[in-house]
Protein chains: 2
Amino acid sequence: MKHAGFQSVIALQAPETEESRRTLVILTAARLFRENGYERTTVRELADAVGLRSGSLFHHFRNKEEILVAVMANGIQSVIDAGRDLMARHAGPAARLEGLFRLHMASLISGVGGDAMHAMIYEWRSLSPSAREGIRHLTDQYEALWQQAMDDAVACGLLEGDAAILRKQVLGGMNFSVAWYRPDGRLGADALIDAMLRAALPELMSSRP
Amino acid sequence: MKHAGFQSVIALQAPETEESRRTLVILTAARLFRENGYERTTVRELADAVGLRSGSLFHHFRNKEEILVAVMANGIQSVIDAGRDLMARHAGPAARLEGLFRLHMASLISGVGGDAMHAMIYEWRSLSPSAREGIRHLTDQYEALWQQAMDDAVACGLLEGDAAILRKQVLGGMNFSVAWYRPDGRLGADALIDAMLRAALPELMSSRP
DNA sequence: GTCTATACATAGATAGAC
DNA sequence: GTCTATCTATGTATAGAC
């Protein structure tokens, strides 16, 4: 089969910039990693899924690990950005905590963001020590947002206990939902987020119906 | 290097039954899977770690997946057994919930049980559909224990909300601790379990110091 | 920037001697 | 029950033409 000719036609219709092609690979990789896991996803499968031959991937990425790093960095960075925006728009500890919670759950459930979060949760052991350090730097920033919100909530009496452990428990409970939540199950996305919020942080909801 | 002679000496000192050798492989595999992940652990590494040549493993297990299944089934079964024993010894919803919580955390933190739990959490996607079904049958039994305790706690007013979601949130928060807990960190094992219990189920602790 | 072709390593698994 | 030896397949990554 001739692939070059096919590619030319596509190029005429929608010229791909270097950046958009790279992004397509990253988003597709995130989806495949979620479906089959990083180790069981081959570069050939990924190449097929984006309409390339396997060798061509290595023009965009030095190796397979660099793709995983890009998937993770891409995903966590967008949640950090949204989280900072949220912290800037809301002042009270209750509103901030609830906002971060809903943002995190929405990221996990949504297709694009969820794929990247899934990789963050399940595939970090496949990173080399140096790559792990780079991703760690990003997750630290995200956790700092949560830590601040938790500290404020404890300081004003909204929550009780060890703020760091509370943060771990709440985030862990959310993250694990990627292992069991099914969009076609008993709860839809919105109902799930509400129910999870009530379960994890009932203090936030006690003044509501 | 001659291996047969070495094996003979060992056999004279400590004759290994079929069962104990199989158990050694399972426990060693659990540890290696935790350290390096199932996909990145080779049958050669596992064989080396138990003092065998790679081909010999396939006398005890049909294939690599069967080892993973044995690791998981072994681990979850021991927690189920301990959980049922606990439910039989305690009657009240509060004592049962706290008991299940401490049992689960202790299993996660302990070396042997923790390795198997780690595999349950991280490697279930490496199972074939049929193997996944078999393991699912076991996890269903374990979750049923929790569901019963949660239902009772909600029924008697100890907890509020959706019992199934509460269970998912609490178990998820615990399970995720394998990703961040370090025994040499700020909290020792006992302090961690107490802090996690306060964070996840503060209702159980409100009547205590 | 993509393709074709392939190098090179390593994986899981098997056969048969002992 | 374990070893030695090996098959076979599949993986990542590279080289060079276009």
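Values in this document were obtained by computation on a predicted structure and should not be read as measured data. Scope of the values below: all heavy atoms of this structure, side chains included, with no hydrogens, waters or symmetry mates.
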Self-check item: Spacing between B:Glu66 atom CD and C:dG12 atom C1', to the nearest angstrom
Solution: 14 Å
Quiz item: Just how far, in rounded Å, is C1' of C:dT14 from CZ of B:Arg62?
Solution: 15 Å
Exercise. Look at B:Arg21 and D:dT2 and indicate whether a side-chain polar atom (N or O) is within less than 4.0 Å of OP1 or OP2.
Key: yes
Exercise. Please state how far atom CG in B:Leu46 lies from atom P in D:dT2, giving the value in whole angstrom units.
Key: 13 Å
Quiz item: How would you label the contact of B:Thr42 with the nucleic acid (heavy atoms, under 4.0 Å): base, sugar-phosphate, or nothing?
Solution: sugar-phosphate
Quiz item: Of A:Ser54 and A:His60, whose nearest nucleotide on DNA chain C comes first from the 5' end?
Solution: A:His60
Self-check item: Exercise: identify the closest heavy-atom pair between A:Arg167 and A:Trp146
Solution: CD-CB, 3.6 Å
Quiz item: Of the non-hydrogen atoms in A:Thr41 and A:Glu45, which two are nearest, and what is the gap between them?
Solution: CA-OE1, 3.4 Å
Quiz prompt | Separation of atom CG in A:Leu24 from atom C1' in C:dG1, rounded to whole Å | solution = 15 Å
Exercise. Please state how far atom CZ in B:Phe58 lies from atom P in D:dT6, giving the value in whole angstrom units.
Key: 18 Å
Self-check item: Protein-nucleotide distance (A:Leu52, atom CG; C:dC3, atom C1'), rounded to Å
Solution: 10 Å
Quiz item: Which nucleotide in the list D:dT12, D:dT2, C:dA13 gets nearest to the side chain of A:Lys64?
Solution: D:dT12
Self-check item: Within 45° cone and under 6.0 Å: A:Lys168 NZ/CZ vs B:Tyr181 ring
Solution: no
Quiz item: Hey, does the side chain of A:Arg53 come within less than 4.0 Å of C:dT2's phosphate (OP1/OP2), counting only N and O?
Solution: no
Self-check item: N or O in side chain of A:Ser56 less than 4.0 angstrom from C:dG1 OP1/OP2
Solution: no
Quiz item: If you take atom types as modelled and just measure distance, does the side chain of A:Arg44 reach the base of D:dT10 with a donor-acceptor pair under 3.5 Å?
Solution: no
Practice problem: Would you mind checking if A:Asp162 and B:Arg186 are paired as a salt bridge, meaning a charged N to carboxylate O distance below 4.0 Å? | Solution: yes
Practice problem: Measure the distance from CZ on B:Arg40 to C1' on C:dG12 and round it to the nearest whole Å. | Solution: 17 Å
Quiz item: Rounded to whole angstroms, how far apart are CD on A:Glu39 and P on C:dA11?
Solution: 12 Å
Quiz item: Under 4.0 Å: is that the gap between some side-chain N or O of B:His59 and OP1 or OP2 of D:dT2?
Solution: no
Quiz item: Would A:Glu65 and A:Ser126 count as a side-chain hydrogen bond (donor to acceptor under 3.5 Å, both in side chains) if you check the C-alpha gap in whole Å, the side-chain angles of each, and the deciding distance to 0.1 Å?
Solution: CA-CA 8 Å; A:Glu65 184 188 38; A:Ser126 291; over 6 Å; no
